[in-house]
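So the structure is just underneath, and the comments pick up after that.
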Amino acid sequence: MTCCSEKCPNCNYDPNNVFAKILRNEIPCKRVHETEKSLAFHDVNPRADVHVLIIPKGPYVNIYHFTRDASSQEQSDFWRCVRETTDKLELLNPGFKILVNTGPGGGQEVPHFHTHLLANK
Ligand code: AMP
């Protein structure tokens, strides 16, 4: 595939997106969990009893970009952070949902890869 052209959304990481600012501590967040390469925090506009966002600390636009370019260590750290967040919030029972919006057509508003972790208690 062609990549790294100006038109490639996967290579066009905007360092001024809101999650990049959270990672640089320029704006606050309600932190739930942190690992070496990932961060979990409450969504500012929750749409369930529990609505947490989990993001890698590296500059990845979406899940395609992350799974293509992030190292194995970043990827395993990310999913460990998801699991540890569910442990911390005791979500395995009754269960939870993971949602990944991707691209404008997929409803993604913030161009830094994130999973929504949703649960109703
Ligand atoms: P998406 O539409 O998948 O890109 O989701 C972006 C999510 O980020 C939305 O659910 C927003 O409510 C959430 N959001 C935007 N700004 C912040 C912020 N400063 N802190 C926490 N969550 C945020």
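When a ligand or atom number is given, it counts from 1 through the structure's own listing order. Every heavy atom of this structure was used, including side-chain atoms; hydrogens, water molecules and symmetry mates were not. Positions are given from 1, in the same order as the sequence printed here.
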- For residues Phe19 and Phe41, establish whether the separation of their ring centroids is below 6.0 Å. yes
Within 4.0 Å of some non-hydrogen atom of Gln108, the atoms of ligand 1 are 4 (O)
Ligand 1 to Glu109, heavy atom cutoff 4.0 Å, flagged ligand atoms 1 (P), 2 (O), 4 (O)
Atom 1 (P) of ligand 1: closest protein heavy atom, distance to 0.1 Å, is His114 NE2, 3.2 Å
For His42, the atoms of ligand 1 under 4.0 Å from one of its heavy atoms are 21 (C)
His42 and His51 aromatic centres sub-6.0 Å: no
For atom 7 (C) of ligand 1, the closest protein heavy atom turns out to be Asp43 OD2, 3.5 Å
* Asked: Heavy atoms, side chains only, cut-off 4.5 Å: are Gln73 and Lys37 in contact?
  -> yes
ask   = Does the gap between the ring centers of Phe66 and Phe113 come in under 6.0 Å?
value = yes
Counting from 1 in the order shown, the ligand 1 atoms closer than 4.0 Å to a non-hydrogen atom of Asn45 are 12 (O)
When rounded to the nearest 0.5 Å, the distance separating NE2 of His65 from NE2 of His112 is 10.5 Å
When distances are taken from atom 10 (O) of ligand 1, the protein heavy atom at minimum range is Arg47 NH2, 2.2 Å
- Query: Can you find an N or O of Gly107 that's nearer than 3.5 Å to an N or O of ligand 1?
  - Reply: yes
Heavy-atom neighbours of Glu90 CD exceed 12 at 6.0 Å:
no
Checking heavy atoms under 4.0 Å, the part of Leu99 that sits near ligand 1 is neither
Less than 4.5 Å apart, any side-chain heavy atom of Thr115 and any of Leu99? no
Residue, atom and distance of the protein heavy atom nearest atom 8 (O) of ligand 1 read Phe19 CZ, 3.4 Å
Numbered in order shown, the ligand 1 atoms found under 4.0 Å of a heavy atom of Asn101 are 1 (P), 2 (O), 3 (O)
Contact region, His116 to ligand 1, non-hydrogen atoms below 4.0 Å, reads side chain
Whether the side chain of Lys57 engages the backbone of Leu39 through a donor-acceptor N/O pair (distance < 3.5 Å, no angle test) should be reported. no
So the atoms of ligand 1 within less than 4.0 Å of a heavy atom of Leu53 turn out to be 8 (O), 13 (C), 22 (N)
Say whether, by atom type as modelled, one donor and one acceptor occur between the side chain of Gln75 and the main chain of Ala70 under 3.5 angstrom. yes
ask   = So with a 6.0 Å cut-off around NZ of Lys97, is the heavy-atom count from everything else above 12?
value = no
of all protein heavy atoms, closest to atom 17 (C) of ligand 1 is Val44 CG1, 3.6 Å
The protein heavy atom nearest to atom 19 (N) of ligand 1 is Val18 CG2, 3.7 Å
